[in-house]
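As the structure lists them, so they are numbered: ligands from 1, and atoms in each ligand from 1. Below, all heavy atoms of this structure are taken into account, side chains as well, without hydrogens, waters or symmetry copies.
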Amino acid sequence: MKKELIFLGPPACGKGTQTTMLAEYLKFPHIDTGSLLRAEISANTEAGKEAKLYIDEGHLVPVELVARIIKNRLSQEDCKNGYILDGYPRSMEQANALTKMNAEINGDEKVDFRAIYFDIDTEMLVERIVNRRSCLKCGEIYNLMYKSPKQDGICDKCGEKLTQRKDDTREIAQERFDTYFHETAPLIDYYTNMGVLRKIDANGDIKEVWERLLKVVND
Ligand code: AMP
């Protein structure tokens, strides 16, 4: 049965790292909404120019713009057996849009849809954000607090120079948390009521969280 996995949790809760590993493990595409939007910005498309205005402020990009990008991606052949959707939906409006687009794409096919919630203490997350560095070439994510690159500022995997995301500052991080608590956190109740929410304890190191994640994915 097709497996549709979506992920909820505050900024820097570790979703990006874990979903990248999970995509490799399940051989499903890893669809990271933030990265798709940043790719539009790098390519200087009309969508990218518009998205940048919101991303730079820590706000959500308008619902129609993101829905267009996501529907297009979920309709591709490599999503036929399942997908890992990271960073979408982030509001009730987007949750409804996702239900609608899944129905259009799947027709009568029965699917296994799960929303995996990363439950984490939020006090340390701003520190995680300001210490985060990423590789724009291969997508590897580092953190100067607990996963530094071997050579300062250089990606271990591909040798590219590491960068800090423009919205990974203390001030914008705070905005992103506010957006998360107002817009995204209500989805936890929404998916609980639908009976599809699986919660994991996202405190701890990468390996511990990975083991908990595998349990809820394989049960
Ligand atoms: P992320 O890489 O997941 O931290 O997302 C970075 C930024 O991209 C967010 O702060 C938003 O501005 C934008 N973004 C990512 N996902 C969405 C979404 N589902 N809806 C609207 N904006 C989004």
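For Glu93, the CD atom sits in a loose shell: 12 or fewer heavy atoms of surrounding residues, nucleotides or ligands are nearer than 6.0 Å. Lys52 NZ: 12 or fewer foreign heavy atoms inside a 6.0 Å radius.
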Go through Arg128 and Glu123 one step at a time and tell me if the salt bridge (charged side-chain N to carboxylate O under 4.0 Å, His left out) criterion holds. CA-CA 10 Å; Arg128 261 198 198 182; Glu123 300 96 74; over 6 Å; no
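Note: the hydrophobic cluster containing Val66 also contains Leu187 (ILVMFWY, side chain heavy atoms under 4.5 Å, direct or indirect links).
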For residues 133-140, dump all side-chain donor-acceptor pairs below 3.5 Å to protein atoms at least two apart in sequence or in another chain.
{"residue": "Arg133", "atom": "NH1", "partner": "Val130", "partner atom": "O", "Å": "3.2"}
{"residue": "Glu140", "atom": "OE1", "partner": "Lys157", "partner atom": "NZ", "Å": "3.2"}
{"residue": "Glu140", "atom": "OE2", "partner": "Lys147", "partner atom": "NZ", "Å": "3.1"}

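When all heavy atoms are compared, the tightest approach of Arg132 to Gln164 is O-CG, 4.0 Å.
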Please tabulate, one line per pair, the protein nitrogen or oxygen atoms found under 3.5 angstrom from a nitrogen or oxygen of ligand 1, with distances to 0.1 Å, or say none if there are no such pairs.
{"residue": "ligand 1", "atom": "2 (O)", "partner": "Arg38", "partner atom": "NH1", "Å": "3.0"}
{"residue": "ligand 1", "atom": "2 (O)", "partner": "Arg38", "partner atom": "NH2", "Å": "3.2"}
{"residue": "ligand 1", "atom": "2 (O)", "partner": "Arg165", "partner atom": "NH1", "Å": "3.1"}
{"residue": "ligand 1", "atom": "2 (O)", "partner": "Arg165", "partner atom": "NH2", "Å": "3.3"}
{"residue": "ligand 1", "atom": "3 (O)", "partner": "Arg90", "partner atom": "NH2", "Å": "2.3"}
{"residue": "ligand 1", "atom": "4 (O)", "partner": "Arg165", "partner atom": "NH2", "Å": "2.9"}
{"residue": "ligand 1", "atom": "4 (O)", "partner": "Arg176", "partner atom": "NH2", "Å": "3.3"}
{"residue": "ligand 1", "atom": "12 (O)", "partner": "His59", "partner atom": "O", "Å": "2.6"}
{"residue": "ligand 1", "atom": "16 (N)", "partner": "Gly87", "partner atom": "O", "Å": "3.4"}
{"residue": "ligand 1", "atom": "16 (N)", "partner": "Arg90", "partner atom": "NE", "Å": "3.3"}
{"residue": "ligand 1", "atom": "19 (N)", "partner": "Gly87", "partner atom": "O", "Å": "2.8"}
{"residue": "ligand 1", "atom": "19 (N)", "partner": "Gln94", "partner atom": "OE1", "Å": "3.0"}
{"residue": "ligand 1", "atom": "20 (N)", "partner": "Gln94", "partner atom": "NE2", "Å": "2.7"}
{"residue": "ligand 1", "atom": "22 (N)", "partner": "Val61", "partner atom": "N", "Å": "3.0"}

